[in-house]
2 protein chains.
Amino acid sequence: MTTADTTPRDFAALKALIIERGKTLPKRLSQIAAFALDHPDDIAFGTVASIAEQAQVQPSSLIRFSQAMGYQGFSELQEIFRARLRDRVPNYEERIAQLREHAKSASKAHILFEGFSEAAQKSIADLGSKLEAGTLDKAVARLAAAQTIYIVGLRRSFPISSYVAYAFGKLGIRHVLIDGLGGLASNDLTFATPKDAVLAVSFTPYASETVTLVTQAARMHVPVIAITDSAFSPLARDAEIWFEVAEANFEGFRSLAATLALAMTLTVAVAEKRGS
Amino acid sequence: MTTADTTPRDFAALKALIIERGKTLPKRLSQIAAFALDHPDDIAFGTVASIAEQAQVQPSSLIRFSQAMGYQGFSELQEIFRARLRDRVPNYEERIAQLREHAKSASKAHILFEGFSEAAQKSIADLGSKLEAGTLDKAVARLAAAQTIYIVGLRRSFPISSYVAYAFGKLGIRHVLIDGLGGLASNDLTFATPKDAVLAVSFTPYASETVTLVTQAARMHVPVIAITDSAFSPLARDAEIWFEVAEANFEGFRSLAATLALAMTLTVAVAEKRGS
DNA sequence: TTGTGATTAGAATGTTTATTCCATTTTTGC
DNA sequence: GCAAAAATGGAATAAACATTCTAATCACAA
């Protein structure tokens, strides 16, 4: 190192460098560059071996990448990624004060509430960063054009579908809520036509009735708009348009906050589109 | 490990455990407990040796502490501290930056989503600052002691009550969801006794069936726990314990996020109380 | 094609790190 | 105040780790 040291000392500068030089790097190193931008948290906490596996490269490539960025080795680069998480802590003192307060009352239930709050906040923020305006617009257009909207969502998703049904009712939008009452769920889609639309909500483990209904709708060429949790969901396969919502969980209970916000958005957007 | 595994899997639960058991631990371990609460980030990023030095203990004490908390070793405990940073909601600057990125492609629907997100976030934060641990504990105790929990919540509150019913079902807690099907709602409380409890949810304009049911329950000396929106609510009058939840609204649609977080807290807390 | 330099895969290496073990000290119950 | 139990300190150890090295592969110019 005889030249002036331009190696980034903070995350923003490093990110800029990776974006700038990323494309021009050799294949494997460029692959790592993309991975680093997409999964900064994994770089921060992973080991060379674990990250290499996730990014589908050899461990040695990670060291070469780090050196290409100007660091002596991987550990030095990782330190930048870690500092980013350290600095993200908003107001340290405030959190400590919170802790002290809780130490007094030490209510287990209150701590649960904090956990669920955080899961909800995180889920919403996460969806906000991933949600694409294009998908949203297409879904709204489809639903606004439908004669009748069939709402499918059972078990854990039933709060969502019942909310949508309630809101559609207030907004004067013709809809059918499929509630599985009397085990006759599949009958309720019998009269659906390609001029209608299905709004389906389901998460792992996908309720079998929901999957059946969506498959049936797709076969009948009824457009399906789905809210689900991964590209591998059986709903994603049959849906014309689908949203991926990754809800954070706490104590094994997944939040519903992000899904609910999305459902509200869809209902109101559809109403506004129809109104104009 | 033949006993039931109560080892915390997320930070909030671990924090609770450390607060609870911290004082009763031996000197050095209690010292570590205090350090862990004060410097969670250092635990997340440090090595056993570096943390030991900062906390003024021997490295081996850290392993002993981890084991005292139920983990196999320090690494397992550290993973909880790391997950906390992974899942942390992005800070303000990051959210603004994200918003800017989206502003380019901002469609009308996307703006709606931002609005509902904000309403949800605000509602949750607001409830978090107002919720009293004492009220929460009392409500949990009441519900945990009940033989059968009757869940009342119609119209806009139905998503909440159906969620609670779903969760109680999964947790094996005896309950009756009053869904007003067939207009026979009031019959469903006929068999309730003072050994049971009613969990009622209602907001302005209060669904008349809900109000009737709660009044009826109070007259029959069935304890009522209510979630509502003001001290002037007819539910507050008849309830033994009640929560005030002020949901922010956007475009005339009130959020449900805070109510949902509270409902989740109550269900899980009741299950945990019964389990112990 | 063939040769050359760049790039990569994967095993080998030496270092860091968590964990264990045991002698010593401190606390507890009588 | 004494014996027994619990807790602690610190060295020893084994596992995990980042890094290096070399043979093999790839890209590309002639």
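So that the names make sense, note that chain A is the first sequence line, chain B the second, and so on, each numbered from 1. Excluded from the calculations below are hydrogen atoms, water molecules and symmetry mates; all remaining heavy atoms, backbone and side chain alike, are included. Please read these numbers as outputs of a predicted model, since none were measured by experiment.
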Given the ring of B:Y166, does A:R156 sit roughly above its face, with NZ or CZ under 6.0 Å from the centre of the six-membered ring and within 45° of the axis?
no

Which residues pass the side chain to side chain contact (heavy atoms under 4.5 Å, CB included) test with B:A16, not counting sequence neighbours?
A:I111

Which pairs, with at least one residue in residues 49-85 of chain B and sequence neighbours excluded, count as a ring-ring contact (aromatic ring centres under 6.0 Å, His included)?
B:F11-B:F81

Residue pairs, two or more places apart or on separate chains, that pass salt bridge (Lys or Arg N to Asp or Glu O under 4.0 Å) and touch residues 22-40 of chain A
none

Name all residues meeting the ring pair (Phe, Tyr, Trp, His ring centres under 6.0 Å) criterion together with A:F116; count only those two or more places apart in sequence or in a different chain, and write none if there are none.
A:F250

Do B:F243 and B:L136 come close enough that some side-chain heavy atom pair is under 4.5 Å?
yes

So, taking the atom named CD1 in A:I225 and the one named CD1 in A:I241, what distance separates them when rounded to the nearest 0.5 Å?
4.5 Å

Given atom CG of A:L62 and atom P of C:dT7, what is their separation to the nearest angstrom?
17 Å

What does A:Q67 touch in the nucleic acid at a heavy-atom separation under 4.0 angstrom: a base, only the sugar-phosphate, or nothing?
sugar-phosphate

Outermost contacting nts on DNA chain D, any atom under 4.0 Å from chain B heavy atoms, listed 5' then 3', are D:dA7 to D:dG10

So OG1 of A:T47 and CD1 of A:I51: to nearest 0.5 Å the spacing works out to 6.5 Å

Output every pair passing salt bridge (Lys or Arg N to Asp or Glu O under 4.0 Å) with a member in residues 239-252 of chain A, not counting sequence neighbours, ordered by first then second residue.
A:R142-A:E240

Tell me, which pairs form a salt bridge (Lys or Arg N to Asp or Glu O under 4.0 Å) where one or both residues lie in residues 42-54 of chain A, sequence neighbours left out?
A:D42-B:R86

The bend of the helix from C:dT1-D:dA30 to C:dC30-D:dG1, taken between the axes of its five terminal pairs at each end and rounded to 10°, is 30°

Which residues share a ring pair (Phe, Tyr, Trp, His ring centres under 6.0 Å) with B:F45, sequence neighbours left out:
A:F45

How would nucleotides 21-30 of chain C be written as a contact map, 5' to 3', with B for base contact, S for sugar-phosphate-only contact and - for no contact, using protein heavy atoms under 4.0 Å?
----------

Run the side chain to side chain donor-acceptor pair (under 3.5 Å) test on A:R64 and A:S61 for me, step by step, so that the C-alpha distance in whole Å, both residues' side-chain angles and the decisive distance to 0.1 Å come before the verdict.
CA-CA 5 Å; A:R64 276 186 284 115; A:S61 301; 3.1 Å; yes

Per the side chain to side chain donor-acceptor pair (under 3.5 Å) rule, what does the pair list look like for residues 223-239 of chain A, sequence neighbours excluded?
A:T204-A:D229, A:Y206-A:D229, A:T215-A:D238, A:T228-A:S233

Tabulate atom names and distances for all N/O pairs under 3.5 angstrom spanning the protein and nucleotides 14-18 of chain C.
| residue | atom | partner | partner atom | Å |
| --- | --- | --- | --- | --- |
| C:dA18 | OP1 | B:V48 | N | 3.0 |
| C:dA18 | OP2 | B:V48 | N | 2.7 |
| C:dA18 | O3' | B:S75 | OG | 3.2 |

Tell me the interatomic distance from A:L29, atom CG, to C:dA9, atom C1', rounded to whole angstroms.
13 Å

